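Predicted model, so just to flag it, every value in this text is computed and none were measured. Each chain gets a letter, A, B and so on, in the order the sequences are listed, and its residues count up from 1.
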Protein chains: 2
Amino acid sequence: MARPATDFATRLHSQGFRLTPQRQLIMDAVRHAARHVTPDEVYAAVHRQNPAISRATIYRTLDFLCEMRLIHALYWGGQMYYEIAAEQPHHHLVCRGCGVMVECAPDLLQIVVDVVEKKHRFTIDMDHVALFGLCRHCRGQGKKSKK
Amino acid sequence: MARPATDFATRLHSQGFRLTPQRQLIMDAVRHAARHVTPDEVYAAVHRQNPAISRATIYRTLDFLCEMRLIHALYWGGQMYYEIAAEQPHHHLVCRGCGVMVECAPDLLQIVVDVVEKKHRFTIDMDHVALFGLCRHCRGQGKKSKK
DNA sequence: CAACTTATTGCAACCAATTGCAATAAGGCT
DNA sequence: AGCCTTATTGCAATTGGTTGCAATAAGTTG
Ligand SMILES: [Mn+2]
Ligand SMILES: [Mn+2]
Ligand SMILES: [Zn+2]
Ligand SMILES: [Zn+2]
């Protein structure tokens, strides 16, 4: 268990935010998801536990958790996807042909991070970068994009 | 003039697509924009030339031009931004604190592109990558995200 | 534990974007 | 130039997500 509930609570309180049952449920839904989840999937999971929670709260809370950097967001094909901010960072290679999403090692981008840091004095978020392109199967020829 | 209209036409025709006044106007609107533009800005510009053109066509055509790789898309802060696919590729550093968007040289990512190509047999789109993070001004402390 | 402040929520109105469908028109072929 | 096929468009309905606002309740203070 990398991020105990107490950690979550103190992290919120230290910045004047509050710990609510809604936030706990939404955080848990993302935490216990197998992989990246859509807002709709989060809503479904949360709704099962407590049908009174509104969609607006789902969207607002997912945004909020992103800003808190407790979850990561990924936009692809007109859809947002969320994932718990894991202990070990990773990046993604997203194929615009078939949509397949491969994980890749974080150290791969370290060189870029360092150069940008020095050259532009800009700190890249190096915990969850998505790079788009074509996978080995799709690069044969100009396939139509999945979405 | 890097991409003459005739080039545009043949590119469409060669794949069974058609050249319409709508597509030309939308393409021009993106081409002549100073920088990245939103669908709404494109709509405004096009609407000035021809008020009959619907919003649906704007959205559909921007998607279409992306798939044709004639324009580039960038998603940030819940908004899509479009830009002409220029002769010379470039990347962006987008600050999640203040929203400032810096251009950076394309060769910066070449190492990553090469490694990923070899290791994952995955071809990264290296003409327009956006990397998110914090600019020199915003990395002082935990500032609230702009959006 | 009661009173208080204000962050957070649910609701409903709202807005941007997508979609089904029938009308239109681009481009190919005589 | 006229005819034909079907890609593309405009329209209207719909969806998915956002926002203003009043009600609620988390956390603080005494
Ligand atoms: Mn991930
Ligand atoms: Mn750009
Ligand atoms: Zn693929
Ligand atoms: Zn900044």
Side-chain angles (χ1 to χ4, degrees), chain A residues 5-6 8-27 29 37-47 49-68 70-71 73-82 144-147, chain B residues 5-6 8-27 29 37-47 49-68 70-71 73-82 144-147:
Chain A
T6 168
F8 183 33
T10 37
R11 190 137 170 198
L12 295 184
H13 291 160
S14 72
Q15 300 195 48
F17 299 117
R18 296 176 184 177
L19 181 62
T20 66
Q22 288 89 337
R23 282 180 177 166
Q24 292 192 63
L25 280 174
I26 292 167
M27 187 72 178
V37 282
T38 62
D40 219 56
E41 289 165 345
V42 173
Y43 175 74
V46 169
H47 192 263
Q49 309 276 333
N50 180 350
I53 297 175
S54 74
R55 277 200 149 81
T57 298
I58 303 293
Y59 288 111
R60 283 189 287 225
T61 303
L62 288 171
D63 276 357
F64 171 78
L65 294 174
C66 275
E67 290 194 355
M68 292 264 95
L70 293 167
I71 65 176
L74 169 58
Y75 179 82
W76 188 77
Q79 253 293 347
M80 293 296 313
Y81 295 89
Y82 296 92
K144 206 130 194 231
S145 286
K146 195 188 177 190
K147 198 153 190 199
Chain B
T6 169
F8 183 33
T10 37
R11 191 139 171 195
L12 295 183
H13 291 159
S14 71
Q15 300 194 49
F17 299 118
R18 296 176 184 177
L19 181 61
T20 66
Q22 288 89 338
R23 282 180 177 166
Q24 292 192 63
L25 281 174
I26 292 166
M27 188 71 179
V37 282
T38 62
D40 217 55
E41 288 164 345
V42 174
Y43 175 74
V46 168
H47 192 263
Q49 308 276 334
N50 181 349
I53 297 175
S54 74
R55 277 201 150 79
T57 298
I58 303 294
Y59 289 112
R60 282 189 289 223
T61 303
L62 288 171
D63 276 358
F64 171 78
L65 294 174
C66 274
E67 290 193 356
M68 292 264 94
L70 294 167
I71 65 176
L74 169 57
Y75 179 81
W76 188 77
Q79 253 294 345
M80 292 297 311
Y81 294 90
Y82 296 92
K144 204 124 193 236
S145 287
K146 194 189 176 190
K147 197 149 192 201

Do you know which two heavy atoms are closest between Ala9(A) and Leu19(A), and how far apart they sit?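 Looks like CB-CD2, 3.7 Å.
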d(CZ, Arg23(B); P, dT24(C)) in whole Å: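 Those two atoms, CZ and P, are 19 Å apart.
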Just how far, in rounded Å, is P of dG27(D) from CZ of Phe17(A)?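 Distance, rounded to whole Å: 13 Å.
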Hey, which of these two, Asp63(B) or His13(B), hits DNA chain C nearer its 5' end, going by closest nucleotide?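 Comparing both residues, the 5'-ward one is Asp63(B).
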Could you work out which one of dT9(C), dG10(D), dA25(D) sits closest to the side chain of Ile53(B)?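 Nearest to the side chain of Ile53(B) among the choices is dG10(D).
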Please report, rounded to the nearest Å, how far the P atom of dG10(D) is from the CG atom of Leu25(B).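 Spelled out: CG on Leu25(B) to P on dG10(D) is 10 Å.
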If you round to the nearest 0.5 Å, how far is OG1 of Thr38(B) from CG of Leu74(B)?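 Here the interatomic distance stands at 12.0 Å.
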Whole angstrom is fine here: how far is it from CD in Gln24(A) over to P in dT8(C)?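 Interatomic distance, CD of Gln24(A) to P of dT8(C): 14 Å.
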Name the closest nucleotide to the Ala56(B) side chain, picking from dG27(C), dC11(D), dT9(D).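 Given the options dG27(C), dC11(D), dT9(D), the side chain of Ala56(B) is closest to dC11(D).
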Options dT5(D), dG27(D), dG10(D), nucleotide nearest the side-chain atoms of Arg60(B):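 Looking only at heavy atoms from C-beta outward on Arg60(B), the closest nucleotide is dG10(D).
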Could you point out which residue of Thr61(A), Ile26(A), Thr57(A) forms a side chain to side chain contact (heavy atoms under 4.5 Å, CB included) with Val46(A)?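 With Val46(A) as partner, Thr61(A), Ile26(A), Thr57(A) yield a single side chain to side chain contact (heavy atoms under 4.5 Å, CB included), made by Ile26(A).
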At less than 4.0 Å, is any side-chain N or O atom of Thr20(A) found next to OP1 or OP2 of dA7(C)? Yes or no.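 No, because none of the side-chain N or O atoms of Thr20(A) sits under 4.0 Å from OP1 or OP2 of dA7(C).
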Please check: side-chain N/O of Ser14(B) versus main-chain N/O of Arg11(B), any donor-acceptor pairing under 3.5 Å?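 Confirmed, Ser14(B) side chain pairs with Arg11(B) backbone.
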Name the closest nucleotide to the Leu19(A) side chain, picking from dG27(D), dG10(D), dT5(D).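 Of dG27(D), dG10(D), dT5(D), dG27(D) is nearest to the side chain of Leu19(A).
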How many whole angstroms separate atom CZ of Arg18(B) from atom P of dC4(D)?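 Atom CZ in Arg18(B) sits about 15 Å away from atom P in dC4(D).
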Tell me: CZ of Arg55(A) to P of dA12(C), nearest whole Å?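 Rounding to the nearest Å, CZ of Arg55(A) and P of dA12(C) are 15 Å apart.
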Both Asn50(B) and Gly16(B) contact DNA chain D. Which one's nearest nucleotide lies toward the 5' end?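 So the residue in question is Gly16(B).
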Report the relative orientation of the aromatic rings in Phe17(A) and Phe64(A); use parallel for angles under 30°, tilted for 30 to 60°, perpendicular for over 60°.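 Rings of Phe17(A) and Phe64(A): perpendicular, as their planes differ by over 60°.
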So if I take every side-chain heavy atom of Thr57(B) and compare against dT9(D), dG10(C), dT8(C), which nucleotide ends up nearest?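 Ranking dT9(D), dG10(C), dT8(C) by closest atom to the Thr57(B) side chain puts dT9(D) first.
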Calculate the interatomic distance between Ile58(B) atom CD1 and dT19(C) atom P; express it in whole Å.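 Result: 17 Å.
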Between dA7(D), dT5(C), dG10(C), which nucleotide gets closest to the side-chain atoms of Gln22(A)?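 The answer is dG10(C).
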I need the OH-P distance between Tyr43(B) and dC15(C), as an integer number of Å.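 The distance from OH of Tyr43(B) to P of dC15(C) comes to 15 Å, rounded to the nearest Å.
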